[in-house]
Number of protein chains: 2
Amino acid sequence: MKDFRHQNRLYYSPVEFAMNYIGGTWKMPILVALREGPVRYGDLKKSISHITDKMLITQLRDLEEKNMVTRKAYAEKPPRVDYALTERAKQALSVIDALHAYGAFLMKEEEITL
Amino acid sequence: MKDFRHQNRLYYSPVEFAMNYIGGTWKMPILVALREGPVRYGDLKKSISHITDKMLITQLRDLEEKNMVTRKAYAEKPPRVDYALTERAKQALSVIDALHAYGAFLMKEEEITL
DNA sequence: CGGGATCCATGTCGATACTG
DNA sequence: CAGTATCGACATGGATCCCG
């Protein structure tokens, strides 16, 4: 596999490229939380345990820039903002599910109980 | 999903747990390089572009400790050591393939040509 | 949501033991 | 010396966190 660059960053493989879109501690939890449809900021925060506002905002901005989520602001009396997955992000869900299943498999092997 | 800990580290999800076994810059490239069977250290180094000895050894040790690879040393004149995948690591290959495919899909969307 | 601290993954450079 | 496999000290940059 030849190297390539995108937006001035060097990648060694498609896997590394993919991880730029869904990797890191928070991107996958966010994408999963949006799986069933648009969710407002506050609910997103509640549904992802341990995430700080800083991280949630930072990652949402990053995902937006990468066209993985869309942000919609409604002109209502109490302002409302929600986030939704784009098509390309929806296609990541099966990959995330596979990772989740593999993680569960490893946990079983390591005899981790919840 | 409840949190859990393993060897004194805290995890928030099975995905995060899985990434501990196959994540980082080098683990997947290493696992893929071992896909067809045992490979010796030197060949591994040659087949993974840009990897340094330091990173290769560090990751191999880590993968060994996690029971993802086995190390076999032969008592020969020029020392020979080879590494092979364990069963649990072989089961990661399909996940890695899925990530690879998703990365390729994103690259196509971003119009990246090699 | 910013500033600043910090942690951790990664990288650089150099050195090791062994043997033909 | 050349080839193989490996390791340690240290630097650095990015990711993440705490605080206000």
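Reminder, nothing fancy here: chain letters follow the sequence lines and each chain counts from 1.
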Should B:V39 and B:Y74 be regarded as members of a common hydrophobic cluster, given that ILVMFWY residues are connected when their side-chain heavy atoms come within less than 4.5 Å of each other, either directly or indirectly?
no
Report the nucleotide, chosen from D:dA5, D:dC17, C:dC1, that has the shortest atom-to-atom distance to any side-chain atom of A:M55.
D:dC17
Rounded to whole Å, how long is the line connecting atom CD1 of B:I51 with atom P of D:dC7?
14 Å
Write down the distance between NZ (B:K27) and P (C:dC8), rounded to a whole number of angstrom.
14 Å
Within less than 4.0 Å of OP1 or OP2 of C:dT10, is there a side-chain N or O belonging to B:Q59?
yes
Would you please confirm or rule out a distance under 4.0 Å between OP1 or OP2 of C:dT10 and any side-chain N or O of B:T25?
yes
Verify the contact: side-chain N or O of B:R80 to OP1 or OP2 of D:dA5, cut-off strictly under 4.0 Å; return yes or no.
no
Distance in angstrom units between B:E76 CD and D:dG3 P, rounded
18 Å
Would one find a side-chain N or O of B:W26 under 4.0 angstrom from OP1 or OP2 of C:dA9?
no
Roughly, in whole Å, what's the span from NE2 in B:H50 to P in C:dT12?
10 Å
Heavy-atom neighbours of A:E76 CD exceed 12 at 6.0 Å:
yes
d(NZ, B:K46; P, D:dA5) in whole Å
8 Å
Using every non-hydrogen atom in the two residues, find where B:A18 and A:L99 come nearest and quote the distance to one decimal.
CB-O, 3.7 Å
Donor-acceptor pair under 3.5 Å: do we get one between A:K54's side chain and the base of C:dG3?
yes
Atom pair distance, as rounded to whole Å: CG in A:D53 and P in D:dG20:
16 Å
